[in-house]
Protein chains: 4
Amino acid sequence: MKKVAIVGASGYSGEELVRLLLSHPDAELSAVTSRQYAGQMLGEIFPKFGHHPRARTLRFSEPKAEMLASQAEVVFLALPHGVAAEYAVPLLQRGCHVIDLSADFRVKSLAVYKEFYGHEHPAPDLLGQAVYGLPELYRAEIKKASLIASPGCYPSSILLPTIPLLKAGLVKPSGIIADSLSGVSGAGRKVEPDFLFVECNESARPYGVPRHRHLSEIEQELSLAAGLPVTIQFTPHLIPINRGILTTLYLAPEKHFTDAKGMNELGEKITACYEAAYGHESFVRLLDAKTLPDTKNVAGTNILEIAWRLDPRTGRLLVMSAEDNLVKGASGQAVQSMNIMCGFSESAGLL
Amino acid sequence: MKKVAIVGASGYSGEELVRLLLSHPDAELSAVTSRQYAGQMLGEIFPKFGHHPRARTLRFSEPKAEMLASQAEVVFLALPHGVAAEYAVPLLQRGCHVIDLSADFRVKSLAVYKEFYGHEHPAPDLLGQAVYGLPELYRAEIKKASLIASPGCYPSSILLPTIPLLKAGLVKPSGIIADSLSGVSGAGRKVEPDFLFVECNESARPYGVPRHRHLSEIEQELSLAAGLPVTIQFTPHLIPINRGILTTLYLAPEKHFTDAKGMNELGEKITACYEAAYGHESFVRLLDAKTLPDTKNVAGTNILEIAWRLDPRTGRLLVMSAEDNLVKGASGQAVQSMNIMCGFSESAGLL
Amino acid sequence: MKKVAIVGASGYSGEELVRLLLSHPDAELSAVTSRQYAGQMLGEIFPKFGHHPRARTLRFSEPKAEMLASQAEVVFLALPHGVAAEYAVPLLQRGCHVIDLSADFRVKSLAVYKEFYGHEHPAPDLLGQAVYGLPELYRAEIKKASLIASPGCYPSSILLPTIPLLKAGLVKPSGIIADSLSGVSGAGRKVEPDFLFVECNESARPYGVPRHRHLSEIEQELSLAAGLPVTIQFTPHLIPINRGILTTLYLAPEKHFTDAKGMNELGEKITACYEAAYGHESFVRLLDAKTLPDTKNVAGTNILEIAWRLDPRTGRLLVMSAEDNLVKGASGQAVQSMNIMCGFSESAGLL
Amino acid sequence: MKKVAIVGASGYSGEELVRLLLSHPDAELSAVTSRQYAGQMLGEIFPKFGHHPRARTLRFSEPKAEMLASQAEVVFLALPHGVAAEYAVPLLQRGCHVIDLSADFRVKSLAVYKEFYGHEHPAPDLLGQAVYGLPELYRAEIKKASLIASPGCYPSSILLPTIPLLKAGLVKPSGIIADSLSGVSGAGRKVEPDFLFVECNESARPYGVPRHRHLSEIEQELSLAAGLPVTIQFTPHLIPINRGILTTLYLAPEKHFTDAKGMNELGEKITACYEAAYGHESFVRLLDAKTLPDTKNVAGTNILEIAWRLDPRTGRLLVMSAEDNLVKGASGQAVQSMNIMCGFSESAGLL
């Protein structure tokens, strides 16, 4: 049993990490921190964990890197951007493995980081050793890493469907549009008027248009896949569900098809491409030709669903994906990375 | 007071027509039909109207054209596609004004109708006299019409934001993408598993991809505005709200901008274009530069909200709209057409 | 046109007052106050009112009694408990009519007020002149009043169904239980974690058990009706709807029935009692024997629905009511009082 | 590994059984039946199970008792009332263990069954051997049973909180009121207008008043606990959540308390009573004095939460419970019974 700690365990990602780690067969939750709740029992603050024996003995503590380093071998950082790096540095120095769920180590370029996050990077020296924690792409690197930059919720839903197609040269790297719908937990446990029940219920609205911060990591990874700089259009929307991201991608096939035969040939290539990329993956579900993604079918799971359609009228390729923003989009993916890094079964605690 | 009737008053559009017409200052609801509820009192079937005196005397009747023609001067058809035409023919012959909320008279081309609706047009002779009931576009024609083909819910949310830009030559007619989110009432009162509460709640999903029937009327009207055939990409999604459509449009400016100055100039033209088209309209709300559309701000009203953003990173123009699919997307718009046709104040019963 | 002002126009009750008063035929909204939004245009803060000409000229102002007294003849106070009284005193002195939506003037007993609200009454001298603004009960007094204490949302849903039965001696004044379900807007626009979307959605929970503040006014009015001190059991629950209160009342018939005949006789008396009390009322809907109340049938309206059932197995009388907590439970009822007080049609602006 | 089958696997209880049994460590899902889907793959009909290897090989079959008896040792019946018995008889004859989720074997009295279900009991001979599958009450009997009558969703939420108090003589057996709120999945996957999204969303409504069928089993078990015939008042309400039942119980303490001391003494007895009954139970969570039940804290789990409050104003005891109607209220409880009956760990597959 590996001892693991969660820094910032009272937000939605932190709470979801608690859920997953409490029942993880190879990990023991040894510390949870929260400034607000320090001293209180885990089960008191989150009654839903009250039946778990650990929740009746484990108390929230103040987040102190030194202490944490003595309590855990793996530390998850579920902290705001900019704050996470402060903990990563001392924890790594003391030999911990760190899995950061914030954006602090996702973007390799200091300039891009500053452009999107509005301040200098807090720990540029560590950027080189951080691995982007998308297991389906960087499994080998994650295995050897000590610092994981776990991806954002939107990026997971966009990158997994797009990258195999880009790598295979099946779609053009230009003109990509990603239109995403997110559940309200994606905003975190932010106590702001916009996220009150009455303001979200019976509401559908775009936000962060046209330049959401997640673009920085999305474009970085798409550019790596395409081998050239990629700029995309990304529009997030808020819809009244607790969990889930539904992304619709508008892509242009590299080779234009003009008839049914051309469409079929392209379709077969797409099928083969996805099958090669994800046919063996535990957490990517390729849907059959009759089925479209639905967030309710992935809620509470670490699975990302993908479906696609070629449109003979416009020549475009539509790819649609669904994931749980708190699981495959955050905490589940972070646990998946931990499993790989620690040599556990990759799906341990995630099925 | 004009006598008006609703054929098919038990579906969601019909029920919304009842709501609007019961409190309309110039109209008297003289007949409501429903095969299922014939003989029963309006207020029994819809307790929510029970406080209205009319709901305690008016009974649902069987839909019979002859009888209706003697009861009403204006007849709304809130019937399924294909069925509406059967009523339109005899009602028009008997001198009624007919406002059809189905798709039967929206598409001018018999071939396109057949392609999208799967059967021959039921009343081709009437197509010539039908006016597409989008008042902001066809006000003069509606005034003189006796047969109105009231637009679909998605088309309203796409056409109103797009047509002025196309007419002004500000955006390219090619490559248009419309990504729409719809509340569940958009499916009508269909008793099917897909629309059960448990299947829709906590769910977000695309459907009808890639060829939704509303494309036929959308492309017809965009083509008329552009002066050449327009093909668009349209992706509807179902989200768990009762009412509302949120549409995000991806458009390419006709003249590419390369710097802030170019962007500002284009922005001013767009502002001027929308102001000219809708600045004086009662039911189109042009949002200021800080505000984005939200379905909750139009629910229950006949208003369509529009906002737009130029994206300097991609060169695209994003236009977003919100409407209530049952009001501006259906019954409210139909009443607006009635008001124009009958010489009432255009906003009578709609504010 | 009477000039009216709203103090505290940015909360949910205040916003609902804005909605109702903007389209009121006899009232002109001359001032809206909000500390937070002072200086900003009504239509900027609430885009949903943006289509109304008044919303494009009226700005939020700081709440200053002197100024308000010069701007309006009727002033609505949509302020927290304890704060409202501070405004009522100077406004009344300056000759305004005041309709207070807080609890400040609802409870006649200073001791009970202190027991339930935890502080001394802020303006005991005014208590004598305040009229409890439940029009169906105190219409004559409201007509002559200058200070209205508009009832709480739960009280309206409990008092209207219970008082006629108590007055008629049909039910026992002891042992009454009121079990209520409330939509989240009932909590006001409180930016607290408990009212975030994610915390309310997919949640049903009791709260404020066993001593909610509204008990003070409920028991005061029930005691007046019964002619002796009444203590009741009241359990509020929070459920994931925006608007609506559904109350289920458990009552003991004064005369126990033992057979079908006795039950029928009692049933006829109940029917007659309700018919006499509310048969002529515009805003109470007595449901037929086949129909039960449903919050969706009253949402957005000033109507309270009532249904009842005698249970031959237990001998109890169940009475169920539904209302919109923001309309009949707050702002609509306040406007109804204004209509009576000012000599307008009682239903002006409410249908 | 025990082979298990589900008859009626396409309803909500059946689907939840699939979810639980697919990941059960000691059970192998060997057959799932559905008239509607016979021949189709489990993963095709329920994409959400698509990642599980079993869902890619197991097909729905026609429900045939003989065949099932050869495929499984334990058979779950997730069928409508009246139909389940038809399968129970031949399956038991062929040596299967049967766990019936319908009401067919819950009520011991043929007369009561007929009174509440409207037809003669379909298999009276089996009633004697059926055990009511509430493990916290009948663990020893379940261990030896071959036919389990798994309790209804409402009964679980009422019986578990009430029975220990009745047995300990702490509350009166007369005058009990149970007021319950249920999520929409409680209605099953019934394709009826009342359960459409638009009809349930933004709606709260009582139904089945005043004589719901579940009263028969509730009163049977309460009578057994009290040692005398018990009649209760039970009011179910439908609220817009997918899963969950929240029950509020109004109870009269056997010994009336008159002061704080008396209240404290009674409180200690209640605490001790619940602690003795459930302190060691895996699936009953006794909440601390600061916490009230919330359906969101039990959704997806087999846990029932209980909290209670004494009201010094009325002398009543309020007990509140929350459960997931599909898990502890149906399929989870059925699996818990299977675990006991088969000698597995009682919580296998349920944590």
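A note on names: the letters A, B, ... follow the listed sequences, proteins ahead of strands, and every chain is numbered from 1.
Residues C:Asp294 and D:Ser203 approach most closely at OD1-OG, 2.8 Å, considering heavy atoms. D:Pro206 and C:Leu292 make their closest contact through O-CD1, 3.5 Å (heavy atoms, listed as atom of the first residue, atom of the second, distance).
With a threshold of 4.5 angstrom between heavy atoms, C:Ile245 does not approach chain D through any atom at all. Proximity to chain D (any heavy atom under 4.5 Å) is shown, for C:Ala299, by neither the backbone nor the side chain. Both the backbone and the side chain of C:Arg313 come within contact range of chain D, with heavy atoms under 4.5 Å apart.
Within residues 236-244 of chain D, the residues having any heavy atom less than 4.5 Å from a heavy atom of chain C are, in residue-number order, D:His237, D:Ile239, D:Pro240, D:Ile241, D:Asn242, D:Arg243.
Taken to the nearest 0.5 Å, the CG atom of C:Asp179 stands 5.5 Å off from the OG1 atom of D:Thr248. Atom OG1 of D:Thr235 and atom CZ of C:Arg309 lie 11.5 Å apart (nearest 0.5 Å).
Remark: the backbone N or O of C:Glu199 is paired with a side-chain donor or acceptor of D:Lys296 at under 3.5 angstrom. Using a distance-only test at 3.5 Å, with no hydrogens or angles considered, no donor-acceptor pair links the side chain of C:Thr314 to the main chain of D:Gln233.
Interface remark: of the candidates D:Ser174, D:Ala307, D:Pro293, D:Pro293 forms the most heavy-atom pairs closer than 4.5 Å to chain C. Your options are D:Asn201, D:Asn297, D:Thr231, and the one with the most heavy-atom pairs under 4.5 Å with chain C is D:Thr231.
Inter-residue side-chain proximity for C:Asp311 and D:Arg211 is flagged as unmet; no heavy-atom pair is nearer than 4.5 Å.
In summary, D:Glu305 and C:Arg205 do not engage in a salt bridge, as defined by a charged side-chain N under 4.0 Å from a carboxylate O.
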